[in-house]
Protein chains: 2
Amino acid sequence: MEKNTAYHTLLKNLGLKVTPKRLALLSVLGEEHRYLSPEEVWKKLRRSFKNLGLPTVYRNMEELERHGVISKVLHSNRQLYYYFCPKTGHHHHFVCLECRIVEDISVCAVREMEKEIKRRVKGTVTSHILQVNGLCSGCAGKQ
Amino acid sequence: MEKNTAYHTLLKNLGLKVTPKRLALLSVLGEEHRYLSPEEVWKKLRRSFKNLGLPTVYRNMEELERHGVISKVLHSNRQLYYYFCPKTGHHHHFVCLECRIVEDISVCAVREMEKEIKRRVKGTVTSHILQVNGLCSGCAGKQ
DNA sequence: GTATAAATAGAAATCATTTCTATTTATGAA
DNA sequence: TTCATAAATAGAAATGATTTCTATTTATAC
Ligand SMILES: [Mn+2]
Ligand SMILES: [Mn+2]
Ligand SMILES: [Zn+2]
Ligand SMILES: [Zn+2]
């Protein structure tokens, strides 16, 4: 009995059990080019699964994020959003606060990003969040 | 009766009432070169004010952020943190996840930032959050 | 098939943040 | 210095997204 889907392989490679709900969750995320909240994914999945707990969706999305399969989207309403990005390698995302569409941005420097966004996406950049995390010299020493 | 402090003037200019608690809150934030949560500020302020509601601290910090006096710090624990940055003009922050110290970074491009951080701060960059917000062409049209 | 650990449902708890309402206070004008 | 007024506040309560808990189910390797 072959379940030869890409998502099946993906879960196998991560050492996660291949459950119908996980496959469906990946399918939902994979078909959306927008970021979704766990609750939104849950509502979509409940069409196919009458018994599906919201905590299950939270848990799986968190797990997939830990494995780098999906990425968190920061939002000023501070709710959790995730996006399944097919692109590999370091890059960034232009996210629309209105329709929640996500566009890959290959360059990294902020100036160049804004130029590229204006040219390619024809959108408006209203703000950007740029935060460098790490350890200061004092704390790095203690580690 | 002159209250000739910078914070007094600051609040006046914003059109906010100059209350003792607001002045003390600004003083607490101004003396810390680290980002603080509303609860932490509340605990510090309660030393001076026996009656001080936590909602008051939340409200004032939110208000000051809206006026651009203090800036939010994004944190993976998704709690609210604020930092009173004396520097003006567009720049970014290097925040230490360990001790929560904040360092101003004047250049904006990510590559250059990492170089500068390594050279000046002698710290370790473990990650960076870079998100460009705005409206896609579709949504920008509707506005 | 069977054993085992992982995954899940459903209910309940958590807890940072927000809302609500009565009271207090800062402020500017009289 | 009153005084009127809107702003600010305390304290209690509500909120709600997220997490935790436990019994049950399920995928998987043997
Ligand atoms: Mn980058
Ligand atoms: Mn910048
Ligand atoms: Zn540090
Ligand atoms: Zn859009």
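Just so we're on the same page: letters track the sequence lines, and every chain starts at 1.
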Review point. Roughly how many Å is it from CG in B/L45 to C1' in D/dA10, rounded to a whole number?
Key: 15 Å
Review point. Would you say B/N51 reaches D/dT9's phosphate, i.e. side-chain N/O to OP1/OP2 under 4.0 Å?
Key: no
**Study point:** Closest listed nucleotide, where the reference is the side chain of A/E39 and the choices are D/dT9, D/dA17, C/dA9
**Key:** D/dA17
Revision key, fill the gap. Whether each nucleotide of nucleotides 19-30 of chain D has a protein heavy atom under 4.0 Å at its base (B), only at its sugar-phosphate (S) or at neither (-) is summarised, 5' to 3', as BB------BSS-
Review point. Which salt bridge (charged side-chain N to carboxylate O under 4.0 Å, His left out) pairs, counting each pair once, include a residue from residues 64-79 of chain B, with sequence neighbours left out?
Key: B/E63-B/R66
Review point. How close or far is atom P of C/dT25 from atom CG of B/L11, stated in whole angstroms?
Key: 18 Å
**Study point:** Validation row: A/H75, A/L97 side chains within 4.5 angstrom (heavy atoms)
**Key:** yes
Review point. Tell me: NZ of B/K21 to C1' of D/dA7, nearest whole Å?
Key: 14 Å
**Study point:** Rounded interatomic separation in angstrom, taking CD from A/E40 and P from D/dT18
**Key:** 11 Å
Revision key, fill the gap. Quick note, salt bridge (charged side-chain N to carboxylate O under 4.0 Å, His left out) partners involving residues 25-35 of chain A, not counting sequence neighbours, are A/E32-A/R34, A/E32-A/K44
Review point. CG of A/L36 versus C1' of D/dA17: gap in Å, rounded?
Key: 17 Å
Point to revise | Nucleotide C/dT8, atom P - distance to CE of A/M61 in whole Å | key: 14 Å
Review point. Rounded to whole angstroms, how far apart are CH2 on B/W42 and P on D/dT9?
Key: 15 Å
Point to revise | D/dT9 OP1/OP2 closer than 4.0 Å to side-chain N/O of B/N60 | key: yes
Point to revise | A/Y82 side, atom OH; A/L25 side, atom CG - distance, nearest 0.5 Å | key: 11.0 Å
Point to revise | Residues forming a side-chain hydrogen bond (donor to acceptor under 3.5 Å, both in side chains) with B/H67, sequence neighbours excluded | key: none
Study note, to complete from the structure: Here the distance between atom P of C/dA5 and atom CD of A/E63, to the nearest Å, is 18 Å
Point to revise | B/H93 side chain reached by B/Y35 side chain, heavy atoms, under 4.5 Å | key: no
Review point. Which angle, to the nearest 10 degrees, lies between the helix axes at the two ends of the helix from C/dG1-D/dC30 to C/dA30-D/dT1, each defined by five pairs?
Key: 40°
Check your understanding: Hey, does A/C85 have a side-chain heavy atom less than 4.5 Å from the side chain of A/H91?
Key -> yes
Indicate every side-chain donor-acceptor pair of residues 13-21 of chain A with a distance under 3.5 Å to a residue at least two apart or in another chain.
residue : atom : partner : partner atom : Å
A/N13   : ND2  : A/T9    : O            : 3.4
A/T19   : OG1  : A/R22   : N            : 3.1
A/K21   : NZ   : A/N51   : O            : 2.8

Review point. Would you say the side chain of B/M61 lies within less than 4.5 Å of the side chain of B/L29, judging by non-hydrogen atoms?
Key: yes
